[in-house]
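Here's the structure we're looking at; comments come further down.
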Amino acid sequence: MRAPSFGARRAACVSLMAVFLSVFSTGCATRVERLPVDEVQDLSGAWNDTDSRLVSDEMIKDVLSAPWLSAYQGAHKAPPALIVGEVRNLSHEHINTQTFISDMGRVLINSGKVQFVASRGQREEIREERKDQDLNAREDTRKPMGMEQGADFMLKGAINTIVDASGKTQVRYYQVDLSLISMSDNRIVWVGQKKIKKLVERSKLRF
Amino acid sequence: MSRYRLPRSLPLLYALCLTGCAAHSESFRAVEKNLANQQPQQALEALDKQKGARADEVLYLLNKAMLLRIAGDYRASIESFELAQQRMEALSALSLREQGASFIINDSTRSYVGEPFEQVMVSVYKALNYLQLGDRDGARVEALQIDLKLRAAEGKHLGEAFARYLTGIIYEDLGEWSDAMIAYRKAYEGYRKSSQEYRVDVPGFLKEDLLRLASILDLKDELEKYRQEFAVQNKQSDPPSAPESELIFVLSNGLAPAKRENSVAMMAPSRVGAGLVRISLPYFESRVPSVSKAYIRLEDRGIVAERVENVDAIAIATLSEQMPEITARGIARVVAKRQVAMQIGKNNKNDALAVIADVIGFITERADTRSWSTLPYDIHLARFPLGVGSYTIKIELRDRGDNIVATREFHDVLIHKGKKTYLSYHWINL
């Protein structure tokens with residue numbers, strides 16, 4: 001067998017390197033693809049943006065059509081003021097409950113049918129600012145203390161889960177309960193509920 | 001032709017040597033030394049320097065989380081644990097490629113997924129991190145995770161007793177009495193089953209918890225049963241009432257055993273082709289800490305922490321359960337490597353190549369000495385009922401002869417009304 005010529009070898013070497021380079025360069029670059037926010041992308045089976053959106057959509061529809069709102073408006077001729085209390089995460093996952101709460105808040109405020117007052121944490125900051133105004137702001141722009149609007153209802157809730165697992169298969173059941181409680185007499189005027197059920201099957205093999 | 005092949009195979013030889021040559025537990029000593037000198041930051045730097053193969057990623061994340069915890073950065077520790085947990089889940093699927101590599105090179109080529117008890121410990125320490133940060137709901141999530149893991153895990157050495165006990169404390173802190181009772185019951189069951197093997201008795205605190213909750217939940221028969229089992233003398237006396245608020249102190253003591261390697265070189269019998277072969281198997285080396293007791297002192301009051309988990313014994317029991325399989329794999333690998341070497345020699349009619357293949361086989365035959373060694377040797381816990389206020393808590397660590405080995409003071413420990421305050425400390429001295 002005749003040994004390949006030097007030139008042929010070099011050509012083979014160069015082409016091999018080119019293949020390597022192209023493989024590596026595609027492998028290394030970060031690829032970003034923008035997705036529509038309402039597209040469903042389930043990766044791990046854990047709570048994700050889609051679940052959060054489904055919950056807020058359902059709750060918003062429900063809370064605005066429930067009779068408590070018309071009853072309040074009939075009696076007071078003004079939209080009720082709401083405050084967001086604690087939404088407890090009693091599930092088996094670390095879930096950020098802020099996303100659907102702020103989603104709900106946005107739609108509810110923009111509907112003009114209800115008002116929201118700042119939550120406890122936000123109030124502290126605003127009071128600090130008002131105190132500062134008292135010292136430093138011009139008389140005619142200064143906001144007095146003790147003029148805050150009190151809330152009529154508090155929105156509270158919890159996320160619960162039940163997980164049933166066998167081997168690599170899991171059924172995850174999420175239940176989100178929200179309730180609206182009257183600040184004046186502790187009456188619960190509305191209860192919203194959203195249930196989500198998922199079947200998660202993990203791969204048995206990987207590379 | 002064969003004259004060309006020798007140099008070309010050299011890079012391959014070199015690469016194979018690299019994967020096989022450094023045993024994990026040996027290279028980890030620098031990190032442990034920093035820890036023993038109470039320098040967690042330096043330990044973190046040393047750990048980052050040896051962030052090695054992708055197969056060891058889970059181990060790196062677990063150790064990092066533990067070091068961050070020791071350094072007092074609980075948020076970052078939670079993040080690192082979270083990443084480790086995600087990787088563990090992703091790696092739970094079987095990789096044929098890694099299985100194949102473990103059969104021809106060594107077991108360290110497989111991705112480290114953590115022993116079942118280590119996977120439970122991830123949630124235990126994550127929960128302790130959340131408690132330390134005052135995030136009870138966060139800790140509750142981990143309590144549910146512990147339950148899921150214990151239900152799903154195969155194998156019997158899981159450290160179930162303490163994991164259940166901790167979940168009970170979390171539920172009780174949240175006022176969820178019935179969940180707390182169920183967890184305490186399972187913890188009691190776990191301690192009773194394993195007390196002989198792990199040399200950990202049912203903690204006295206747990207006995208008090210069972211009596212208290214059985215009374216709160218009005219479980220008369222169960223209360224009577226516990227009274228008899230715990231030999232409570234005065235049957236008429238009320239069981240201990242729920243403390244207004246209390247301090248829960250958790251001592252992580254020392255370091256978990258280190259996996260070391262035991263190698264035997266021998267002549268292979270002629271049936272598999274005579275030649276020098278090596279078989280390497282892992283074993284655990286316990287690192288018994290000098291501290292065996294912790295006293296929690298507050299002015300003239302004092303309380304002794306009880307041993308609630310013997311991580312050392314659980315790790316050793318886990319390995320000994322796996323030894324038959326590891327040994328069988330090791331022997332199969334030796335035979336396979338011999339066959340490959342002989343085949344290479346035969347196909348190329350070149351004994352030098354066969355010798356090289358033999359040498360590669362010999363060098364790469366290393367035991368898998370990876371284990372989560374920044375876990376403690378054992379864990380001690382104390383429950384100290386305290387009124388609302390700010391305290392200076394003194395911890396005295398003592399050895400078997402009751403001599404003080406070290407003391408540590410925690411200032412401005414705040415106790416809130418109706419709540420538990422958590423304090424943890426990891427003491428390491430090699």
Side-chain angles (χ1 to χ4, degrees), chain A residues 1-6 8-9 12-13 16-17 20 27-28 42-48 51 85-98 101 121 156-177 198 200-207, chain B residues 1-4 8 54-55 58 75 78-79 81-83 85-101 109-111 113 122-123 126-127 129-130 133 135-154 167 170-171 173-176 179:
Chain A
M1 191 178 128
R2 197 172 66 91
S5 73
F6 181 67
R9 265 203 197 178
C13 238
L16 198 68
M17 268 173 71
F20 259 111
C28 294
D42 284 321
L43 298 176
S44 68
W47 179 273
N48 63 14
D51 301 300
E86 196 188 5
V87 178
R88 287 189 67 196
N89 174 18
L90 301 177
S91 76
H92 70 285
E93 281 170 44
H94 295 284
I95 292 174
N96 185 353
T97 55
Q98 276 310 308
I101 292 299
K156 282 178 71 65
I159 303 183
N160 275 286
T161 48
I162 301 173
V163 178
D164 192 17
S166 167
K168 300 259 175 205
T169 310
Q170 263 190 352
V171 174
R172 297 181 180 202
Y173 172 81
Y174 299 85
Q175 183 172 319
V176 184
D177 292 291
K198 294 186 200 178
V200 183
E201 278 179 274
R202 292 202 186 290
S203 155
K204 289 191 176 70
L205 287 175
R206 66 187 162 87
F207 175 64
Chain B
M1 282 308 271
S2 58
R3 252 191 307 153
Y4 279 112
R8 273 190 211 164
R54 189 161 166 73
V58 166
R75 284 249 163 260
I78 288 171
E79 272 171 40
F81 273 135
E82 186 69 41
L83 284 174
Q85 219 163 2
Q86 285 170 12
R87 283 299 296 155
M88 281 170 163
E89 260 180 43
L91 291 171
S92 67
L94 188 73
S95 162
L96 293 178
R97 176 182 60 88
E98 285 178 4
Q99 291 294 327
T109 53
R110 294 198 292 183
S111 287
V113 287
V122 171
S123 288
K126 232 170 129 195
N129 282 345
Y130 277 112
L133 290 167
D135 183 352
R136 287 167 178 72
D137 281 350
R140 192 185 185 280
V141 170
E142 293 308 319
L144 294 178
Q145 283 286 336
I146 288 172
D147 185 51
L148 276 182
K149 285 178 185 174
L150 289 174
R151 275 193 283 157
E154 293 153 13
T167 62
I170 295 168
Y171 292 132
D173 199 1
L174 290 163
E176 300 172 23
D179 283 338

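The basis for the numbers below is simple: all heavy atoms, side chains too, and nothing from hydrogens, waters or symmetry mates.
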| request: With sequence neighbours excluded, tell me which residues meet salt bridge (Lys or Arg N to Asp or Glu O under 4.0 Å) with A:Asp177. | output: none
| request: Check each atom of B:Ala143 against the heavy atoms of chain A and say whether the ones under 4.5 Å are side chain, backbone, both or neither. | output: neither
| What part of B:Glu98 lies closer than 4.5 angstrom to a heavy atom of chain A: side chain, backbone, both or neither? | side chain
| note | Counting heavy-atom pairs under 4.5 angstrom with chain A, the leader among B:Glu82, B:Gln86, B:Glu142 is B:Glu142
| Proximity breakdown for B:Gln99 and chain A, heavy-atom pairs closer than 4.5 Å | neither
| task | Indicate the atoms forming the closest heavy-atom contact of B:Ala93 with A:Ser203, along with that distance. | result | CB-O, 3.2 Å
| message | If you count heavy atoms of other groups shown closer than 6.0 angstrom to CZ of B:Arg97, is the number above 12? | response | yes
| field | Contact listing (chain B partner; residues 88-97 of chain A; heavy atom under 4.5 Å) | value | A:Arg88, A:Asn89, A:Leu90, A:Ser91, A:His92, A:Glu93, A:His94
| field | Under 4.5 Å from any heavy atom of chain A - which part of B:Leu94 | value | both
| Which portion of B:Leu91 sits near chain A, non-hydrogen atoms under 4.5 angstrom | both
